Amino acid sequence: MSNFVDFQTEIYQGGLGGVRPELPVTVAGLAARAESELDPVAFAYVAGSASAERTAAANIAAFDRHRILPRMLRAATGPDARDLSVEVLGTRLSAPVMTAPIGALELVRERGEVLVAEVTKELGLGAVLSTVASSTIEEVGAAADQWWFQLYWPGDDELARSFVRRAERAGAKAIVVTVDTPQLGWRPRDLAHAHLPFLHGKGIANYLSDPVFLDRLPAPPEQSPDAMRAAVETWTALFGNHALRVADLAHLREWTDLPIAVKGVLHPDDARMMVDAGADAVVVSNHGGRQVDGAVAALDALPAVVATVGDRADVLFDSGVRTGADMLIALALGARAVMYGRPWVYGLGIAGADGVRHTLRMLLAEFDSVLGLSGCTRPDQLSRSLLVSSR
Ligand SMILES: Cc1cc2nc3c(=O)[nH]c(=O)nc-3n(C[C@H](O)[C@H](O)[C@H](O)COP(=O)(O)O)c2cc1C
């Protein structure tokens with residue numbers, strides 16, 4: 001049973017003692033606070049998307065074309081009325097949310113990935129660790145409970161295999177292969193600052209701690225500034241795998257027994273190909289509009305992917321989820337769970353673990369509330385019959 005909505009009661013009760021929430025209670029408020037408090041370079045990296053940011057805006061606007069048609073008198077409210085838990089790829093979650101993989105978190109907070117792992121563990125949620133993280137696979141494995149490893153498949157299969165092996169050993173429960181980023185999109189906010197974290201040695205902790213990567217270097221990176229520069233150059237050469245094909249998923253299938261999710265799928269034919277090649281799940285996502293500006297809103301791509309592979313794979317969703325009502329809409333359109341992106345990064349930047357906890361509890365409280373107020377007691381009761389959709 002879940003009572004995430006108790007966060008609301010907690011806040012009102014605090015008011016009896018004159019206590020108001022220290023952090024904003026809307027995502028827009030968190031973003032505004034982050035913009036005023038974070039280093040402008042860090043905020044640009046988190047908030048920015050590709051080009052004119054039309055796809056990022058479309059991701060949000062797409063939710064507006066769906067309205068919830070709540071059902072009444074269904075005994076879906078009150079203490080212990082609801083159970084939000086779901087199982088995704090064998091991972092049991094207290095609610096259908098995982099934190100999306102976000103690279104280079106040290107820009108906003110030291111040990112960010114570890115803090116997120118600790119908070120998601122406390123809340124019974126899952127976390128997805130990025131390949132381009134600032135904490136290592138092993139550090140996160142020691143702190144997290146249910147976590148998946150997101151693989152940017154490098155242009156070196158031995159290195160890819162090493163990452164997967166390390167993730168397995170450290171206790172990851174699935175591998176998420178992101179396929180929409182063989183190279184970075186055109187991101188004006190970062191370009192204006194002429195700033196890419198990885199070139200400054202940020203977000204490459206998993207590489208610098210990898211025996212295969214270190215083996216590719218002329219000298220240990222800690223030896224001198226020149227050696228570090230050479231390590232970054234090697235990273236640049238190896239980051240993207242431009243030759244990767246769907247057939248390579250079969251290799252991954254041989255390397256690991258862990259479930260495989262493919263993240264960054266929009267076209268239903270791609271979803272079919274990935275599942276045919278052995279993927280257990282696909283994540284419908286356009287990377288928060290950071291790759292192809294003008295790409296379809298992720299939510300608009302969701303129904304066709306669900307119709308195509310939903311009977312043989314789990315379909316997850318991200319890009320544009322901001323509120324509990326957004327979560328409900330994505331689930332009603334067939335997503336099994338959502339990945340939550342920028343909002344908790346703002347929380348992390350503003351207030352560390354407390355900010356992540358606050359942001360996630362806000363999302364969960366609203367989802368719990370809106371689920372009950374719509375007449376449902378479990379996420380699997382959500383369906384399109386609960387939506388009024390327009391184009
Ligand atoms: C700052 C930032 C860094 C990201 N880094 C990664 C990454 O390392 N790997 C990955 O698969 N996706 C990455 N993403 C994409 C997210 O996992 C997710 O798809 C996206 O944030 C969803 O969009 P939204 O935050 O607008 O909801 C990143 C997104 C942001 C905002």
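Not measured: the values here are computed from a predicted model. What you see below is based on every heavy atom in this structure, not just the backbone, and it leaves out hydrogens, waters and symmetry mates. Quick note: residue numbers are just sequence positions, from 1. In listed order, ligands and their atoms are each counted from 1.
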**E106/R111 salt bridge by N-O under 4.0 Å criterion** = no

**Message:** Under 4.0 Å from a heavy atom of Q150: which atoms of ligand 1 are those, numbered in the order shown and with their elements?
**Reply:** 7 (C), 8 (O), 9 (N), 10 (C), 11 (O)

**Request:** Using a strict 4.0 Å threshold on nitrogen-to-oxygen distance, state whether K263 and D180 make a salt bridge.
**Result:** no

**Request:** Please confirm whether P101 comes within less than 3.5 Å of ligand 1 when only nitrogen or oxygen atoms on both sides are compared.
**Result:** yes

**Message:** I want to confirm something. Looking only at heavy atoms, which of T181, V108, D318, V321 is nearest to atom 19 (O) of ligand 1?
**Reply:** D318

**Asked** Should R312 and D276 count as an ion pair when the cut-off is N to O under 4.0 Å?
**Response** yes

**Message:** Below 3.5 Å, N or O to N or O, backbone or side chain included: is there any such pair between G103 and ligand 1?
**Reply:** yes

**Fill in**
If you scan protein heavy atoms around atom 8 (O) of ligand 1, the nearest is S130 OG, 2.7 Å

**Prompt:** Quick one: does Y152 get within less than 4.0 Å of ligand 1, heavy atoms only?
**Reply:** yes

**Asked** Do any N or O atoms from the side chain of D215 and from the backbone of V212 form a donor-acceptor pair under 3.5 angstrom?
**Response** no

**atom 20 (C) of ligand 1 - nearest protein heavy atom and its distance** = G288 N, 3.8 Å

**Message:** With a 4.0 Å cut-off on N to O distance, would you call R245 and D248 a salt bridge?
**Reply:** no

**Prompt:** When you look for heavy atoms under 4.0 Å from ligand 1, do you find them on the side chain of Y45, its backbone, both, or neither?
**Reply:** both

**Prompt:** Is it true that D293 and R290 make a salt bridge, defined as a side-chain N closer than 4.0 Å to a carboxylate O?
**Reply:** no

**Message:** Between F198 and Y207, is the ring centroid distance below 6.0 Å?
**Reply:** no

**Message:** Taking the ring of F4 and the ring of F367, is the distance between their centroids below 6.0 Å?
**Reply:** no

**Fill in**
In this structure, atom 12 (N) of ligand 1 is nearest to the protein heavy atom K263 NZ, 3.0 Å

**Prompt:** What are the atoms of ligand 1, with element, lying closer than 4.0 Å to any heavy atom of V132?
**Reply:** 8 (O)

**Request:** Taking only heavy atoms of G320 into account, list the atoms of ligand 1 that are under 4.0 Å away from them.
**Result:** 24 (P), 26 (O), 27 (O)

**Message:** Can you name the atoms of ligand 1, numbered from 1 with element, that are less than 4.0 Å from a heavy atom of G341?
**Reply:** 21 (O), 25 (O)

**Request:** List the steps, then state whether side chain to side chain donor-acceptor pair (under 3.5 Å) holds for S85 with D83.
**Result:** CA-CA 6 Å; S85 66; D83 179 0; 2.8 Å; yes

**Prompt:** Heavy-atom contacts under 4.0 Å between S285 and ligand 1: side chain, backbone, both, or neither?
**Reply:** side chain

**Asked** Would you call E10-R361 a salt bridge at under 4.0 Å N-O?
**Response** yes

**Prompt:** So, R161 and D156, do they make that salt bridge, N to O below 4.0 Å?
**Reply:** no

**Protein contact of atom 11 (O) of ligand 1 - nearest heavy atom, named by residue and atom, plus distance** = T178 OG1, 2.7 Å

**Prompt:** Would you say ligand 1 has an N or O under 3.5 Å from any N or O of I102?
**Reply:** no

**Item:** Of the listed options R342, R290, M339, closest to atom 1 (C) of ligand 1 (non-hydrogen atoms)
**Value:** R290

**Numbering as shown, the atoms of ligand 1 that approach V46 to under 4.0 Å (heavy-atom distance)** = 1 (C), 31 (C)

